Amino acid sequence: MNKPKVIVTRKWPAAVEARLQELYDVQLNETDVPMTEDELKTALQIADALLPTVTDSITADILSVPNKRTKIIGNFGVGYNNIDIEAAKKEGLVVTNTPHVLTDCTADIAMLLLLMSARRASEGDRLARNKQWNGWAPTHMLGQKVTGKTLGLIGFGRIAQAMARKAYHGFGMKIICTAPHAPVPDVLQEFQATYYATADDVLAKADFISLHCPGGAATKHLINEQRLKLMRPSAHLINTARGDVVDSKALIKALKERWIAGAGLDVFEGEPNIDPGFLELDNVALLPHLGSATEETRAAMGNRVLDNIAAFFAGEEPGDRVA
Ligand code: DGY
């Protein structure tokens, strides 16, 4: 029997690519140059499975290409706001994602950014490198203490809970949260967490806000000028979710005018472009979307995609089906 034809849109960890080569008639992307819309359309016409990632915008237009051969889209990423899910459903396509395997590493990056922002780590690093450090002084580069402070989580899924675990057990932080549905009492109990019905309650009460909601139309600019004004002047905003959850212009204004003390960002509106307004500010720590960027996690994400398509080709329900 012929092996299914599989197209991978970006370069993947070598061990996972080797597995793909064993199992499938696979087209890899050795150059790692993102595919164009036309290339993606052609891929849907010639492959049984398309394996895109969070940087590939799989629009309704691409999905509606005639004479499709593709039956399953195995997204390399837990977030799937890069795919028009309604259009995929309409086209009868199965879509899967890669949950669980990146939970801890993404929460680690959120914690890293929280610490960087609170303790002014990016600013300190720049000062040291630029030979502008004149020596220790009692009032030099004072930041905010993290231990014992209140962490407000917007969204309370797997990654938020992993961050709560680290913050509660490791830093003795008080945990407050909001989510569209109240978490079950046992989950809150693990971190002695308090649930609030609205983001506004959490924003006003926390020393650190960390965003953990999905991207997309429902959360676009959830953090806007009005909500930034609810935060404490000593508070920090951490975003490892999706860039468009935050109105960048409003955040730049808030940081410049010190409505809030700082921010730590791993994701950006229109990334890889970063609003130049951020680059002029000392009170923002910037990372280039590193949430899941560890060797272990990226290999696990690839293997998760393989498990999903293997189940599909075996006529079973893929474990991580989202459409
Ligand atoms: C995801 O998987 O959605 C991340 O943003 C990239 O790891």
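Along the sequence shown, residues are numbered consecutively beginning with 1. It should be emphasised that the depicted structure is a prediction, and the values quoted were computed from it without experimental measurement. In what follows, every heavy atom counts, from backbone to side chain, and hydrogens, waters and symmetry copies are set aside. Order of listing sets the numbers, starting from 1, for every ligand and every atom in it.
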Name the closest protein heavy atom to [atom], giving the residue it belongs to and the distance to 0.1 Å.
atom                   : value
atom 2 (O) of ligand 1 : Val78 N, 2.7 Å
atom 4 (C) of ligand 1 : His289 NE2, 3.7 Å
atom 7 (O) of ligand 1 : Ser292 OG, 2.5 Å

Under 3.5 Å donor-acceptor, Arg120 side chain and Leu142 backbone: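 Here the side-chain-to-backbone pair exists.
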Donor-acceptor under 3.5 Å (Thr98 side chain, Gly77 main chain):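 A pair under 3.5 Å: yes.
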Ligand 1-proximal atoms of Leu102, by part, heavy-atom distance under 4.0 Å: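 Looking at Leu102 and ligand 1, just side chain atoms fall under 4.0 Å.
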Check: Val54 N/O within less than 3.5 Å of ligand 1 N/O: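 By distance alone, the answer is no.
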Taking 4.0 angstrom as the limit and counting only heavy atoms of [X], give me the atoms of ligand 1 inside it, by number and element.
X      : value
Met301 : 2 (O), 7 (O)
Arg242 : 1 (C), 3 (O), 4 (C), 5 (O)
Gly79  : 1 (C), 2 (O), 3 (O)

NZ/NE/NH1/NH2 to OD/OE distance under 4.0 Å, Asp32 and Arg10: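 Yes, Asp32 and Arg10 are salt-bridged.
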Residue pair Thr106 / Asp108, side-chain donor-acceptor N/O under 3.5 Å: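 The criterion, which ignores hydrogens and geometry beyond distance, is not satisfied for Asp108 and Thr106.
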Pair Phe156 and Tyr195, ring centroids less than 6.0 Å apart: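 Phe156 vs Tyr195: aromatic centres not under 6.0 Å.
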Parallel, tilted or perpendicular, as decided by the 30° and 60° cut-offs, for the rings of Phe191 and Tyr168: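 Tyr168 and Phe191: perpendicular rings.
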